[in-house]
Amino acid sequence: MTLQNDIISLLPDRENYIVGFADMGDLIRDHYPYRYAVVIGKKLDDAIIDDIEEGPTPVYYELYQSANNELDAISANICRLLERNNIPCLQIRATVQQTDIPAGFGKTLRMNFSHKMAATRAGLGWIGKTDLLVSEAFGPRIRLTTVLTHYPFEPCGTPITESRCGTCAICVEACPAGAPNGRLWNDATDRDEFFDAGKCRDACRRLSQERLHREIHLCGICVSVCPLGKS
Ligand code: B12
């Protein structure tokens, strides 16, 4: 566990961050020559998330940027630690990198790597009705980054394979895009069976234009209304 402990010690604190170690098996083999993942989640500020009632606010945009920067610095530090130990690894940043965007992304809205998949395999949470990772620790109020590697970490949690949202439909009713259809996720359910990502993207774009005057895709209403993680 020493290397795992060294990785954990790179987190700024244990109150606002979660870390998981996942065995991805064959799940990412088509795109990455790695089997293991370290996934980090940073808790987002409650006051800022609570304030997202009608859509993204300027402070939410600032939080989005600062959380991405902090997470990217942490995953870069984890890579440096692994590389010092001669362990090959790959940083998957919190934000989309232009160079990583696969062909057809504009239509599919699917990257080659899903932070949320690494998180469910690490036992950190499940996928909610609006396709968010709902973490045990902070609900959906987190952003994620991941490091992929060959190093056979000992999994710290048991993979979570189905939703624990039950009959709650608060995010379904609050979604301004009408993107979710209310169906519960399990690990054999494709996103498109319960969530229309195109509708979500269009609403995120519109709300960001109207409220932030920026060409980005922020919303956050589903993150804000989830009763899990609300203090
Ligand atoms: C493309 C993208 C979008 C697109 C499409 C969203 C979508 N749901 O697919 C658009 C622009 C619409 C979008 C919007 C937003 N996004 Co976005 N987005 C991404 C991105 C870059 C890729 C997601 C992707 O490839 N999706 C494809 C589908 C198929 O995969 P998926 O979404 O991960 O979900 C499936 C898998 O996880 C799978 N799965 C999970 N576990 C397992 C286990 C097994 C064994 C199997 C087989 C499958 C499986 O189940 C899910 C359903 O099929 C990720 C970052 C990343 N690289 O992961 C961020 C990410 C998903 N976005 C995020 C956020 C916060 C948002 C927004 C709230 C914007 C904002 N900040 O205000 C909105 C709302 C999103 C929502 N409700 O889903 C966060 C989510 C954090 C969380 N708590 O879940 C991420 C992880 C970014 C981050 N670094 O934290 N986003």
Side-chain angles (χ1 to χ4, degrees), residues 18 22-28 31 37 39-44 48-49 52 55-57 60-61 63-65 67-72 75 92-97 100-102 104-135 137-146 148 159-163 171-172 174-177 179-180 183-208 211-212 216-226 228-229:
I18 48 175
D23 180 349
M24 303 298 286
D26 288 341
L27 286 167
I28 57 173
H31 298 290
V39 56
I40 312 289
K42 175 180 165 55
K43 182 187 188 326
L44 300 175
I48 295 175
I49 299 298
I52 300 171
T57 57
Y60 178 54
Y61 175 62
L63 177 65
Y64 161 83
Q65 288 184 307
N68 288 338
N69 291 338
E70 282 173 42
L71 284 164
D72 290 348
S75 48
I92 311 278
R93 290 171 180 260
T95 42
V96 171
Q97 302 301 293
D100 295 341
I101 294 180
F105 176 77
K107 281 200 171 138
T108 65
L109 295 175
R110 287 170 192 259
M111 292 294 286
N112 288 335
F113 183 78
S114 163
H115 293 301
K116 291 180 280 181
M117 183 192 279
T120 68
R121 296 317 280 169
L124 294 178
W126 62 91
I127 305 295
K129 289 180 182 171
T130 42
D131 196 29
L132 291 173
L133 188 269
V134 182
S135 67
F138 307 127
R141 295 175 173 223
I142 52 169
R143 278 190 78 77
L144 299 161
T145 185
T146 305
L148 302 178
I160 297 178
T161 57
E162 58 185 20
S163 171
C171 64
V172 177
C175 175
R183 194 175 150 183
L184 286 169
W185 170 86
N186 66 47
D187 65 0
T189 319
D190 186 69
R191 175 195 66 189
D192 299 352
E193 294 174 53
F194 67 96
F195 186 78
D196 187 329
K199 284 186 181 172
C200 174
R201 185 254 329 262
D202 293 349
C204 289
R205 186 196 286 140
R206 178 180 56 76
L207 288 168
S208 301
R211 297 170 60 91
L212 305 172
I216 49 170
H217 298 94
L218 290 190
C219 172
I221 293 174
C222 54
V223 179
S224 176
V225 298
C226 178
L228 298 179

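As the structure lists them, so they are numbered: ligands from 1, and atoms in each ligand from 1.
By the side-chain hydrogen bond (donor to acceptor under 3.5 Å, both in side chains) test, Gln65 is found to be paired with Tyr61, residues two or more places apart in sequence or in another chain being considered.
Taking CG of Asp100 as the reference point, atom CZ of Arg93 lies at 9.5 Å (rounded to 0.5 Å).
The closest approach between a heavy atom of Tyr60 and any atom of ligand 1 is below 4.0 Å.
Only backbone heavy atoms of Asp190 (N, CA, C or O) come within less than 4.0 Å of ligand 1; its side chain stays farther off. Under 4.0 angstrom from ligand 1, the non-hydrogen atoms of Cys219 all belong to its backbone. In Thr120, the part holding a heavy atom less than 4.0 Å from any atom of ligand 1 is the side chain. With a heavy-atom cut-off of 4.0 Å, Tyr61 does not touch ligand 1 at all. Only the side chain of Val96 comes within contact range of ligand 1, with a heavy atom under 4.0 Å; no backbone atom does. Under 4.0 Å from ligand 1, the heavy atoms of Thr189 that appear belong solely to its backbone.
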Going by atom type alone, with no hydrogens or angles, which donor-acceptor pairs under 3.5 Å involve a side-chain atom of residues 122-135 and a protein atom two or more places apart or on another chain?
unit_1	atom_1	unit_2	atom_2	d
Lys129	NZ	Gly166	O	2.8
Lys129	NZ	Cys168	O	2.7
Asp131	OD2	Lys116	NZ	3.3
Ser135	OG	Phe138	N	2.9
Ser135	OG	Gly139	N	3.2
Ser135	OG	Gly139	O	2.7

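No donor-acceptor pair under 3.5 Å is formed between the side chain of His217 and the backbone N or O of Ser208.
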Derivation of the side-chain contact (heavy atoms from CB on, under 4.5 Å) call for Thr120 and Thr161: CA-CA 7 Å; Thr120 68; Thr161 57; over 6 Å; no
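Nearest to atom 78 (O) of ligand 1 by heavy atom, out of Asp26, Thr130, Leu63, is Thr130.
The presence of a protein heavy atom under 4.0 Å from atom 10 (C) of ligand 1 is ruled out. Counting protein heavy atoms under 4.0 angstrom from atom 2 (C) of ligand 1 gives zero. Remark: atom 88 (C) of ligand 1 lies closer than 4.0 Å to at least one protein heavy atom. There is no protein heavy atom closer than 4.0 angstrom to atom 18 (N) of ligand 1. Remark: atom 43 (C) of ligand 1 lies closer than 4.0 Å to at least one protein heavy atom.
Of the N or O atoms in Ser114, one or more lie within a sub-3.5 Å distance of an N or O in ligand 1.
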